[in-house]
J.: 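Okay, here's the structure, questions in a sec.
Order of the sequence lines fixes the chain letters, A, B, ..., with proteins taken first and strands second; residue numbering starts at 1 for each chain. Atoms considered below: every heavy atom in the structure, side chains included; atoms not considered: hydrogens, waters and symmetry mates.
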Protein chains: 2
Amino acid sequence: MIANENDPRVIRSKQLIKDAFIKLMMERDFESITVKDITELATINRATFYAHYVDKYMLLEVLFLEFFDQTLARNKIDDSSFSIETLEKLIMAVCDYFMFIKNACRKISSSVMSLMEEKIISRLAAFIAGIAKPCVAEPEHFSEEMELSIIIVSWSIYGVALKWNNNKSLSKEELAVKSAKLIQNGANGLLLLSSAKGVL
Amino acid sequence: MIANENDPRVIRSKQLIKDAFIKLMMERDFESITVKDITELATINRATFYAHYVDKYMLLEVLFLEFFDQTLARNKIDDSSFSIETLEKLIMAVCDYFMFIKNACRKISSSVMSLMEEKIISRLAAFIAGIAKPCVAEPEHFSEEMELSIIIVSWSIYGVALKWNNNKSLSKEELAVKSAKLIQNGANGLLLLSSAKGVL
DNA sequence: CAACAAATGTTGGTTTAGCAACACAGGATG
DNA sequence: CATCCTGTGTTGCTAAACCAACATTTGTTG
């Protein structure tokens, strides 16, 4: 069945599924939730679930990516150019995302988080690309280096936010300011520190 | 289309319609609510409304009767025999029903109330009949008188509760106790009072 | 290990909801 | 008065949800 995404029934069914899943995630571990549980709570047929989602893992992915997009949108990041402030806001956005997930789910396993990791970083990269690319005069020339830079920055952002989530020794804002500078300078700072100590 | 009342879609559609209607009744006057308003808020198609309800008046009737039945059920009336306590509880139940309606609707016109009046009294009569009939040894013999008695009692109950709703000079319980006695004695009390004053 | 129970995906046929279009009625506006 | 607008109620067709049934997989219990 190829469903029309604008059909009110499709919209409602998907929403009922999401609502039920969110409710269950507030009560239980992801792995313990069955498709049957979801569809029964959503008052839809199990076959209808499979008409819209491949399995519960795909539902998780879609939903968590939506959460992330909403978090990004809520942080109102200036998309006219890529600056140090953009970097700071992105870091804080990923921190918000982690906090949202922690708050919305009773028990979120690291396996679930790692299922989402790549997807979130990809989304981060796409977001950054959307800001940065139009700012470059000759996109065809710098595209190779830009792609790599975006990947580096995306993974860096995710990494510091994840570290913060495990060990909140700084405030979100402090983390953002400090980390943004470090990400900006890349390995330079590390190289300087190391050479000063005579390691290199 | 003859819908199967047990189909989950039918159940959900009807519930969506009811929820939307209740919400609108909390905000607006019944007459100002259109079928279009209801279906838009319920996120269903207008044709679907007509598949389940003749018009908005029928929806009102169904819903208010449900409210009344719920009120009756909540009052947990002993249905083993018909006693003075039964009478008192029925009076209080109708009072509860009036209070519920007043609370659930922004503005409830007297025309709407009178639309429901007969239906509620019929339901009252059916309820009383359900209690009283099994208690009679020879139902075929007393059926005529019993039918009339039930009608009299039903209208009496509704009447005193309606009066109380307009002018709450007594508590609900006081009204029930006093009125139950009066309904029990029927016109006897009035006749005595009148004769004592020499009117008859 | 075998047997059983429960969850997963999938399928074909049935039923209901959605939709667009229509005729009609009532009320407002020029 | 004619015209427009909005809501009502109906209809035939399309598309989505339901359902029962099935083969498979997974897990657990004696």
J.: Mind checking if Thr39(B) touches a base, just sugar-phosphate, or nothing, with heavy atoms under 4.0 Å?
T.: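 Answer is nothing: Thr39(B) stays at 4.0 Å or more from every strand.
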J.: Please report the distance, rounded to the nearest Å, between CZ in Phe49(B) and P in dT8(D).
T.: 9 Å
J.: Report the distance from atom CD of Glu118(A) to atom CD1 of Ile120(A), rounding to the nearest 0.5 Å.
T.: 11.5 Å
J.: Within the distance-only criterion (no hydrogens, no angle test), does the side chain of Asp96(A) pair as donor or acceptor with the backbone N or O of Ala93(A) below 3.5 angstrom?
T.: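 Not confirmed, Asp96(A) side chain does not pair with Ala93(A) backbone.
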J.: Quickly work out the Leu59(A) CG to dG9(C) P distance and round it to whole Å.
T.: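 Result: 12 Å.
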J.: Without decimals, in angstroms, what is the distance between Asp37(B) CG and dG7(D) C1'?
T.: 10 Å
J.: Check this one for me: any side-chain N or O of Thr34(A) less than 4.0 Å away from OP1 or OP2 of dA7(C)?
T.: no
J.: Just N and O in the side chain of Arg46(B): are any of them under 4.0 Å from OP1 or OP2 of dA20(C)?
T.: no
J.: To the nearest Å, give me how far apart CG (Asp7(B)) and C1' (dT16(C)) are.
T.: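 In whole Å, dT16(C) C1' and Asp7(B) CG are 6 Å from each other.
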J.: When you measure from the side-chain N and O atoms of Asn4(B) to the phosphate of dT15(C), is any distance below 4.0 Å, counting only OP1 and OP2?
T.: no
J.: So, is His52(B) near the phosphate of dA17(C), with a side-chain N or O under 4.0 Å from OP1 or OP2?
T.: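 Result: yes.
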J.: Counting N and O atoms only, with roles assigned by atom type, does the side chain of Asp55(B) sit under 3.5 Å from a partner on the main chain of Met58(B), one being a donor and the other an acceptor?
T.: yes
J.: Ring centres under 6.0 Å, that's the criterion: do Phe127(B) and Phe82(B) meet it?
T.: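 For Phe127(B) and Phe82(B), the ring centres are not under 6.0 Å apart.
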J.: State which of dG18(C), dC18(D), dC19(C) makes the closest approach to the side chain of Ile44(A).
T.: dC18(D)
J.: Report the distance from atom CD1 of Ile11(B) to atom P of dC18(D), rounded to the nearest whole Å.
T.: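 Atom CD1 in Ile11(B) sits about 11 Å away from atom P in dC18(D).
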J.: Any salt bridge between Arg106(B) and Glu27(B), counting N to O under 4.0 Å?
T.: no
J.: From OH of Tyr50(A) over to C1' of dC22(D), roughly how many Å is that when rounded to an integer?
T.: 14 Å
J.: In whole Å, I'd like the distance from the CG atom of Asp55(A) to the P atom of dG9(C).
T.: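 Distance, rounded to whole Å: 5 Å.
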J.: Check whether any side-chain N or O of Arg9(A) sits under 4.0 Å from OP1 or OP2 of dC18(D), and answer yes or no.
T.: no
J.: Rounded to whole Å, please give me the gap between CG in Leu16(A) and P in dA17(D).
T.: 10 Å
J.: Between Glu5(A) and Val35(B), name the one whose nearest nucleotide on DNA chain D is closer to the 5' end.
T.: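 Whichever sits nearer the 5' end wins; that is Val35(B).
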